[in-house]
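To keep things clear, I will list the structure first and then write my remarks on it.
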There are 2 protein chains.
Amino acid sequence: MAVPADFDLESFLPYLLNQAAEATSKSFQASYKATYGMTRTQWRVLANLGKFGSMTARDICAISHIEKTKVSRAVSALEEDLLLSRAVSPQDRRAEILSLTDRGREVFADLGQKAIEYDLALRAQIGPEIAAQLDELLRSIIAESGTDGDED
Amino acid sequence: MAVPADFDLESFLPYLLNQAAEATSKSFQASYKATYGMTRTQWRVLANLGKFGSMTARDICAISHIEKTKVSRAVSALEEDLLLSRAVSPQDRRAEILSLTDRGREVFADLGQKAIEYDLALRAQIGPEIAAQLDELLRSIIAESGTDGDED
DNA sequence: CAGTAATAGTTGCACTCGCAACCAAGTCAA
DNA sequence: TTGACTTGGTTGCGAGTGCAACTATTACTG
């Protein structure tokens, strides 16, 4: 314990995870940024609404573990681009029910398709069977390491 | 190909990687942020200098794949905190040779130790053998998906 | 009911980032 | 040597982020 056992960033798990995450995210980013001028957060909010249908910002936070301020701003931007609409909840007038517009659904269909293709290509590269294990590993890391964890 | 095959963010590899990366990085962040008020980039620059000794900013960029402006600013901050010093290179007066100060080395020893401990704990949680495979997977993803990919 | 605590969502601010533009020093070739 | 090009590093600026503070509404409790 006396000798600092030479630390090597290159084999530090958080570092490797970051590099891999950035590499893949940046790569796919082109799809939503170039074509629709969207942010990563906006894309994620859109993806959640596309998948789960109408829901409140709070629900999106709970499901996706994205900071509420980020969601708030992403929602504003998406609304401005006419990709979603808000409606005050009858049960709770603080909450707003978010729904994709027709155009929002179109964009989701397009990007969702591209995401699936990208994901499949990635899994094909590293080997489909191994990719499945990777999923499990990542999920367990996410589950264990505290709670949130967002980042774009 | 007609039906959009319902896309699910939760099993999108880039998303999972991001969540895992954020979770682990945020967790370890406490070590350098709380104690030394350092940024992730600053910590990484320090780690590289600690590991490889004196080198130029350019070298750090090449090794760590961090944007040069990020390195530039991190170096300034570290210098301000007296953790490293600069010296104009005799061979090329554009370049500056960066070296950790005594204090810089102390901090690196401390954080390096904590990083090793954190890394080991993480690997223990997911299983040491599997962790080794994970390393390989991540490296191959990083290698395949283009080049850079930094992000803090 | 009043009065306090909790919750949905927004906003101000300080900070980091990425990109492009920019210096200064070095290289190369006519 | 001069002029065109490359390279190490910095800086200005627009944009995204996190955190804390804040508004409005709802829930709880005596």
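Note that the coordinates shown come from a computational prediction; the quantities given were computed from them, not determined experimentally. Naming: A, B, ... by sequence-line order, numbering from 1 per chain. Note that these values count all heavy atoms, side chains included, but never hydrogens, waters or copies made by symmetry.
Phosphate contact (OP1/OP2 of dG26(C), side-chain N/O of Arg93(B), threshold under 4.0 Å): present. Distances shorter than 4.0 Å separate some side-chain N or O of Thr41(A) from OP1 or OP2 on dT17(D). A close approach under 4.0 Å does not occur between any side-chain nitrogen or oxygen of Lys70(B) and OP1 or OP2 of dT16(C).
Counting to the nearest Å, the P atom of dG16(D) and the CE atom of Met38(A) are 12 Å from each other. Between Glu67(A) atom CD and dT10(C) atom P the separation is 14 Å, expressed in whole Å. To the nearest angstrom, P of dC17(C) lies 15 Å from CD of Gln29(A). Look at CD on Gln42(A): it is 13 Å from C1' on dT17(D), rounded to the nearest Å. The nearest whole Å value for the distance from the NZ atom in Lys33(A) to the P atom in dC17(C) is 15 Å. Rounded to an integer number of Å, the gap from CD of Gln91(B) to C1' of dT27(C) is 16 Å. Going from atom CD1 of Ile66(A) over to atom P of dG9(C) covers 14 Å, rounded to whole Å. Across the protein-nucleic acid pair, Glu22(B) atom CD and dT17(D) atom P stand 11 Å apart, rounded to whole Å.
A search for salt bridge (Lys or Arg N to Asp or Glu O under 4.0 Å) contacts involving Arg139(A) returns Asp135(A), not counting sequence neighbours. Contacts of Tyr15(A) classified as ring-ring contact (aromatic ring centres under 6.0 Å, His included), with partners at least two apart in sequence or in another chain: none. Here Ala131(B) pairs with Arg123(B), Ile126(B) under the side chain to side chain contact (heavy atoms under 4.5 Å, CB included) rule; sequence neighbours left out. Applying the side chain to side chain contact (heavy atoms under 4.5 Å, CB included) rule to Arg103(A) yields the partners Tyr36(A), Leu83(A), Thr101(A), Val107(A); only residues at least two apart in sequence or on another chain are considered. In this structure, the side chain to side chain contact (heavy atoms under 4.5 Å, CB included) partners of Glu79(A), at least two apart in sequence or on a different chain, are Leu84(A), Arg86(A).
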With the sugar-phosphate defined as primed atoms, P, OP1 and OP2, and the base as all remaining atoms, what B/S/- string results for nucleotides 1-11 of chain D, 5' to 3', for protein heavy atoms under 4.0 Å? ------BSBBB
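The two residues Ser64(A) and Gln19(B) come nearest to each other via the heavy atoms O-NE2, 3.9 Å.
One finds no salt bridge joining Glu80(B) and Arg73(B) here, because no Lys/Arg side-chain nitrogen approaches an Asp/Glu carboxylate oxygen to under 4.0 Å.
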